[in-house]
Structure formats: structure tokens, C-alpha cells
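Take a look at the structure set out below.
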Number of protein chains: 2
Amino acid sequence: MIGTEQGAFRALSDPTRRQILVHLSHSEMTIAEVSARFEITRGAIKKHLTILEEGQLISVRSFGRERINRLEPLGMKQANDWLNYFSRFWDDKLNNLKSAVETHEKTRKHKEINDD
Amino acid sequence: MIGTEQGAFRALSDPTRRQILVHLSHSEMTIAEVSARFEITRGAIKKHLTILEEGQLISVRSFGRERINRLEPLGMKQANDWLNYFSRFWDDKLNNLKSAVETHEKTRKHKEINDD
DNA sequence: ATTAAATAACACCATTTGGTATCATTTATA
DNA sequence: TATAAATGATACCAAATGGTGTTATTTAAT
């Protein structure tokens with residue numbers, strides 16, 4: 001579980017940034033086009049886009065004086081892969097989770113907790 | 001895309017909290033057991049556990065003077081579901097993403113960008 | 001009944017975060 | 001060329017964050 005997902009999770013933690021990603025899932029946009037969709041200043045949007053780029057959730061390319069922001073799969077995938085490690089906890093909940101609980105009960109009763 | 005995932009993503013943004021989740025995926029633990037696995041103080045761990053609980057990534061139950069922390073599927077699933085909306089951007093990358101880019105190129109050329 | 005263990009609840013601190021406003025730079029366009 | 005547009009960069013601010021240390025409370029054990 002040594003991961004490179006920190007940048008992605010950090011970027012995903014802000015609701016404005018997640019909204020930006022949804023907008024960019026419809027079409028790539030310049031900074032001005034993104035900030036037209038929000039009430040906050042362009043400066044704030046630019047900071048959000050920088051953080052999204054650092055998390056490799058978007059990529060940016062220059063086109064004249066414009067910077068075109070586009071969804072980048074890598075960061076998305078890193079975050080998704082990390083979460084998928086836990087998928088057994090919500091898939092087949094009644095089966096896997098229940099048996100896990102029973103195992104823990106027994107473990108606790110016998111005071112043999114030792115995993116890291 | 002109106003979501004309740006904010007608490008989960010907020011909780012997931014800190015690497016210590018993500019590590020705690022990995023530990024809890026092996027076995028449920030008391031606060032003392034969790035903090036034994038980290039260098040920081042128990043007080044700091046308690047704060048992290050509170051944030052994880054708020055994000056519904058763990059649940060806490062009392063057992064005598066102990067508080068037993070257990071992985072909670074709901075928050076996990078909320079974050080996963082949100083990310084899955086974007087899965088087409090990393091699944092079949094060469095096909096879907098490429099055609100999306102081409103669509104956007106045309107849109108840009110014609111200056112008809114209008115989605116929100 | 002005392003004492004120790006597990007946790008809760010604070011107050012406090014330094015740093016980060018999300019935002020603003022302002023000014024500079026680069027690139028199109030009249 | 002002069003001007004407008006798009007962005008970059010910086011300084012600044014209030015609030016949130018991640019951490020500490022200390023004290024109080026509840027529960028278990030001698």
C-alpha cells in the first residue's frame with residue numbers, strides 16, 4: 001500500500017475542485033471558461049487548477065495566450081485503485097463484513113490482536 | 001452529482017487517516033491499539049478517528065471503558081461511487097478519451113462551448 | 001477503597017488552506 | 001501601434017488543520 005495517491009486525494013478533498021472535475025468531464029476548458037462557472041475569483045480558480053494538476057487529475061496545455069485544462073486519468077485512477085482495496089467492505093456486505101466481525105470478536109475475546 | 005461524499009473525501013485527504021483505514025481493514029481496534037501503530041500522540045489519533053467517523057469511514061462502539069473503531073462501508077462506497085462517474089476516463093483510455101478530445105477540438109474551433 | 005487504564009475535553013500553537021486584491025506579462029486585435 | 005484579453009505572480013487575510021500538553025471522567029483491577 002505504498003502509494004502515490006496523496007496528491008490526488010488532497011485535490012479531491014475540496015468540493016469546488018470536485019465540481020471543476022465534473023465540468024471538465026463534459027469538455028476541456030480554459031481558465032476563464034472554468035471560472036465563468038463559479039462565483040469565486042479567477043485567482044482562486046487558478047489555484048484550484050494548480051492543485052488539480054499537481055494531483056494529476058488534470059493536464060494543462062498552452063494554446064496562444066490560453067491554458068486549456070483537460071481531465072487527466074492518472075490521478076483519478078490512483079485514487080480509485082486505492083479505494084478499491086477496500087471494495088470487499090461494501091461489496092457483498094452481508095457476507096464478508098459479517099464474517100470479519102465474527103473473526104474480530106473471537107480475536108478480541110482471546111486477546112491475541114497482533115496484526116499491523 | 002449532488003453528493004454526500006464531502007465528509008468522506010475530507011477524511012481521506014490525510015495520509016495518517018488513510019493509514020488508519022488500512023490498519024482497521026485488518027482488524028477493528030481501540031483508540032490505544034490504533035495509536036500504538038503511530039508515532040504521534042493519542043490525542044492526535046483521537047482527532048483523526050473523529051474525522052473518519054464524521055465521514056462515515058469508520059463506526060465506533062463502546063465496550064466498557066474502550067471505544068472500538070471499525071471500518072464502515074458507507075463512506076467508502078460514497079467516495080468510490082463519486083470516482084466511478086469518471087471511470088470512462090481511465091477504462092478503455094485509447095477509445096473513449098480520444099473521441100472525447102476530438103469532440104472538444106471541434107467544439108472549440110466553432111466557439112460553441114456551452115455545457116455546464 | 002485505591003490505583004491504574006482508557007478515553008474525553010480543553011486550551012494552545014504553527015502551518016496550510018481558500019479566498020481576495022493588485023500588478024506584471026504575454027498575446028490578439030482594432 | 002495601442003489596447004484589450006488571458007493569464008501569472010505576489011502579498012495579504014481569516015479560518016481550518018494537525019499537532020501538543022494538561023486536566024477531568026469513567027471503568028477495571030488489586
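All values reported here derive from a predicted model rather than from experimental measurement. Throughout, a chain's letter reflects where its sequence line sits, starting with A, and its residues are numbered from 1.
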Q.
Let's go through B/K77 and B/D81 carefully: what are the C-alpha distance in whole Å and the side-chain angles of both, what is the deciding distance for salt bridge (Lys or Arg N to Asp or Glu O under 4.0 Å) to 0.1 Å, and is it a yes or a no?
A. CA-CA 6 Å; B/K77 181 163 164 40; B/D81 287 350; 3.0 Å; yes

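Considering only side-chain atoms of A/T41, the nucleotide from D/dG19, C/dT7, C/dT20 that sits closest is C/dT20. Picking from D/dT20, C/dA8, C/dG18 the nucleotide with the shortest atom distance to the side chain of A/R17 gives C/dG18. The side chain of A/R65 has C/dT27 as its nearest neighbour among C/dT27, C/dG18, C/dA6. For A/A32, counting side-chain heavy atoms from C-beta on, the closest listed nucleotide (C/dG18, C/dA8, D/dT7) is D/dT7.
Atom CZ of B/F63 and atom C1' of C/dA5 are 15 Å apart (whole Å). Atom CE of B/M29 and atom P of C/dA6 are 15 Å apart (whole Å). Rounding to whole angstrom units, NZ of residue A/K46 and C1' of D/dT7 are separated by 8 Å. One can place CD of A/E39 at 19 Å from P of C/dG18, the figure rounded to the nearest angstrom. Rounded to whole Å, the distance from CD1 on B/I31 to P on D/dT26 is 16 Å. Counting to the nearest Å, the C1' atom of C/dT7 and the CD1 atom of B/I45 are 14 Å from each other. Rounded to whole Å, the distance from CZ on A/R10 to P on D/dG18 is 12 Å. A straight line from CD1 of B/I40 to P of D/dG21 spans 12 Å, rounded to a whole angstrom.
Residue contacts shown for B/A44 include a base, since a base heavy atom lies under 4.0 Å away.
Comparing A/R67 and A/K47 along DNA chain D, the residue whose closest nucleotide (by nearest heavy atom) sits nearer the 5' end is A/R67. Between A/I51 and A/R42, the residue whose closest nucleotide on DNA chain C is further toward the 5' end is A/I51.
Checked against a 6.0 Å centroid threshold, the rings of B/W90 and B/F86 do not count as neighbours.
Residue B/H48 has a polar side-chain atom (N or O) positioned under 4.0 Å from OP1 or OP2 of D/dG19.
Linking ILVMFWY residues whenever their side-chain heavy atoms come closer than 4.5 Å, directly or via other members, places B/V60 and B/M76 in the same cluster. Residues B/L57 and B/F38 fall within the same hydrophobic cluster, defined by Ile, Leu, Val, Met, Phe, Trp and Tyr side chains chained together at heavy-atom separations under 4.5 Å. B/L21 and B/I51 are assigned to two separate hydrophobic clusters, defined by single-linkage of ILVMFWY side chains at heavy-atom distances under 4.5 Å.
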